[in-house]
Amino acid sequence: MSPAFQAGLQGGLSRITQGQPLEVAYGSQVTLRSSASQPIPCWLHSHKANYPVRYENGRGSSHQQQVTCYPFKDINNWWIVKDPGRQELVVSGPPQPVRHGDVIQLVHGMTSRFLNSHDVAAPMSPHAQEVSGYIDFNISMAPQNLWQVDISNRRAESDSWKTILSQIRLVHVNTSAILQLSGMSLPDWGFRQLEVVAEKHFKASGDSLKWTVEEHRYGISQEQKDREAELHSPTDIPVDRNISFWIKFVELQWKMLTVKQEYSEHKYSSTPLEWITMDTNIAYWLHTSSNAQIHLIGNPVSWCLANLGLLAYQLLAVVYLVRRRRGFKDLPDDVWDRFVCLGCVCVGGWFVNFVPFFLMEKTVFLYHYLPALCCLHVLGPALVEHMHTHLLSASLRRVSCVCVWSALLLVFLSYRTFCPLTYGIPELSANQLQRLKWKESWDILLRRH
């Protein structure tokens with residue numbers, strides 16, 4: 001979620017951002033979080049490691065300091081906003097805010113390197129420019145470390161750059177390229193961190209071009225030896241960033257629809273079709289010295305009954321509709337309305353909680369099916385009541401009662417059978433665990449002694 005959303009929640013980010021200065025000024029110490037729609041956020045980052053002189057394909061680099069996007073909070077995520085016309089790295093009194101269209105320099109807090117870009121191909125995206133921390137190697141590569149602040153969600157041309165609220169693009173002055181994520185991960189020499197590039201003819205989504213100041217402090221000292229401590233010093237300038245419930249609601253729904261996972265598959269990821277047939281499970285815990293373990297695994301009997309209830313409702317609805325089309329009304333209008341309402345709530349609830357997972361480009365797991373499954377568990381008893389009251393004769397009703405009690409007994413026995421996998425107790429032997437593996441696709445853990 002966006003920093004503005006998270007800052008409005010109790011605990012977490014709000015504890016970190018409480019009391020921060022609102023307006024970013026020259027001399028501010030900031031962390032810049034990418035606005036890209038990723039499952040894990042990342043922050044503009046640099047560290048004391050250079051790009052390789054030559055990559056594996058033989059292509060050369062600037063051998064300057066690496067600049068990446070790092071998905072963890074770290075002291076190396078901090079940057080100082082510098083006025084190109086001043087040498088000082090502290091906030092003047094009164095603070096001079098940075099506004100839309102201003103040109104700035106970004107100095108890495110821990111290494112004092114300037115954020116730089118130039119006409120050198122990026123390591124993983126050779127069509128884009130490399131972004132680096134500038135090092136003067138006493139060669140002809142001049143610094144190109146000026147960036148123009150473009151506030152994309154501004155209300156006026158004179159808007160100031162605000163903590164958390166402003167989404168900015170950093171436009172490289174020399175080349176007009178825009179700082180952004182490429183979507184690629186660097187190799188081992190880049191510690192598998194995300195690649196940051198400067199792109200002129202970009203094809204990426206708008207969010208990958210935008211950055212937000214998440215943590216913000218006013219710099220109060222020029223001494224490099226004190227800088228690390230000052231980056232975490234508290235401030236007393238209050239700022240109210242409350243956003244309305246409906247803005248949060250819309251953002252949350254949109255994020256769930258558009259978020260994309262990395263392309264790597266998880267061991268326990270699954271497809272929606274595997275949820276219906278219970279072909280998958282998720283192992284959560286295995287005892288350090290025994291075969292005791294906890295899984296997310298369904299109750300095969302209740303799962304089967306839920307699927308049968310869905311199928312029975314659909315078949316019965318088709319029969320009713322065909323007969324009503326031909327003029328036969330098997331049900332009074334009020335009973336028919338309740339039957340239709342049952343389908344809209346339960347079958348419709350199952351549909352909207354299940355079908356969208358076929359359209360999502362993200363890693364999904366068995367627990368994503370649970371809301372849809374709850375709709376089917378409500379459908380089953382309601383459908384039984386409907387058939388018992390309106391379709392069955394007196395003699396068949398007694399048979400239906402026996403069937404219902406038998407089904408409930410089977411559900412309970414299935415629950416007792418799989419209790420050791422649900423709660424981790426009692427501990428079972430390897431042979432007993434093998435007998436619980438009703439499907440070959442289930443991943444039941446067996447400790448090798």
Side-chain angles (χ1 to χ4, degrees), residues 1-18 20 22-24 30-44 69 71 73 100 149-157 159-170 178-181 183 194 202-216 238-262 272 344-365 367-375:
M1 304 308 298
S2 68
F5 185 103
Q6 294 182 351
L9 304 176
Q10 293 184 358
L13 181 60
S14 64
R15 293 187 304 169
I16 300 174
T17 59
Q18 185 176 9
Q20 291 187 153
L22 175 59
E23 292 187 331
V24 177
V30 300
T31 64
L32 289 166
R33 173 174 163 171
S34 171
S35 300
S37 298
Q38 297 190 41
I40 301 175
C42 70
W43 293 263
L44 189 66
C69 205
K73 288 188 177 294
H100 170 74
V149 176
D150 176 28
I151 304 176
S152 59
N153 61 342
R154 66 189 182 278
R155 295 184 179 180
E157 290 299 318
D159 267 5
S160 60
W161 183 7
K162 296 181 178 61
T163 307
I164 290 183
L165 300 178
S166 296
Q167 291 186 332
I168 69 160
R169 299 192 309 169
L170 290 171
I178 300 176
L179 187 77
Q180 69 174 84
L181 292 185
L194 300 178
F202 48 86
K203 299 179 181 179
S205 64
D207 281 345
S208 67
L209 311 173
K210 298 174 184 176
W211 302 85
T212 303
V213 171
E214 185 173 272
E215 297 180 65
H216 178 205
V239 55
D240 183 9
R241 302 186 186 87
N242 291 330
I243 56 178
S244 70
F245 165 79
W246 288 111
I247 293 177
K248 291 181 180 179
F249 178 81
V250 170
E251 179 180 343
L252 179 61
Q253 303 307 313
W254 179 252
K255 186 68 68 172
M256 289 192 294
L257 287 173
T258 58
V259 66
K260 294 183 179 180
Q261 292 275 7
E262 295 177 352
C344 292
V345 173
C346 295
V347 179
W350 172 83
F351 184 87
V352 300
N353 283 284
F354 175 64
V355 173
F357 287 105
F358 287 94
L359 309 176
M360 293 183 181
E361 298 181 27
K362 60 177 289 185
T363 306
V364 292
F365 301 89
Y367 53 75
H368 287 118
Y369 185 57
L370 298 183
L373 183 64
C374 289
C375 295

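In this text the structure is predicted, and so the values were computed from the model without any measurement.
- In this structure, His100 contributes its side chain and Ile151 its backbone to a donor-acceptor pair below 3.5 Å.
- Taken to the nearest 0.5 Å, the CG atom of Leu32 stands 5.5 Å off from the CD1 atom of Ile168.
- With values rounded to the nearest 0.5 angstrom, Ile164 atom CD1 is found 9.5 Å from Arg33 atom CZ.
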What side-chain donor-acceptor pairs closer than 3.5 Å can you find for residues 347-356, not counting sequence neighbours?
from, atom 1, to, atom 2, distance (Å)
Trp350, NE1, Tyr369, OH, 3.3
Asn353, ND2, Gly349, O, 2.7

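- Ion pairing of Asp150 with Arg169 is present here, as a side-chain N (NZ or NE/NH1/NH2) and a carboxylate O approach within less than 4.0 Å.
- Atom CG of Leu44 sits about 9.0 Å away from atom CG of Leu181, to the nearest 0.5 Å.
- Looking at His216 and Val24, their side chains come closer than 4.5 Å, going by heavy atoms from C-beta outward.
- For the side-chain contact (heavy atoms from CB on, under 4.5 Å) test with Trp211, the passing option among Cys69, Ser152, Ser35 is Cys69; the others fail.
- Per the SG-SG cut-off, Cys375 and Cys346 are not bridged by a disulfide [distance not under 2.5 Å].
- Leu22 places a side-chain heavy atom less than 4.5 Å from the side chain of Leu165.
- Between Lys73 and Glu215, at least one side-chain N (NZ, or NE/NH1/NH2) sits under 4.0 Å from a carboxylate O, which counts as a salt bridge.
- Side-chain N or O atoms of Thr212 include none that pairs as donor or acceptor with a backbone N or O of Gln167 at under 3.5 Å.
- In this structure, a donor-acceptor pair under 3.5 Å is present between the side chains of Ser160 and Glu23.
- Partners of Trp161 under the side chain to side chain donor-acceptor pair (under 3.5 Å) rule, at least two apart in sequence or in another chain, do not exist in this structure.
- Side-chain N or O atoms of Glu214 include none that pairs as donor or acceptor with a backbone N or O of Trp43 at under 3.5 Å.
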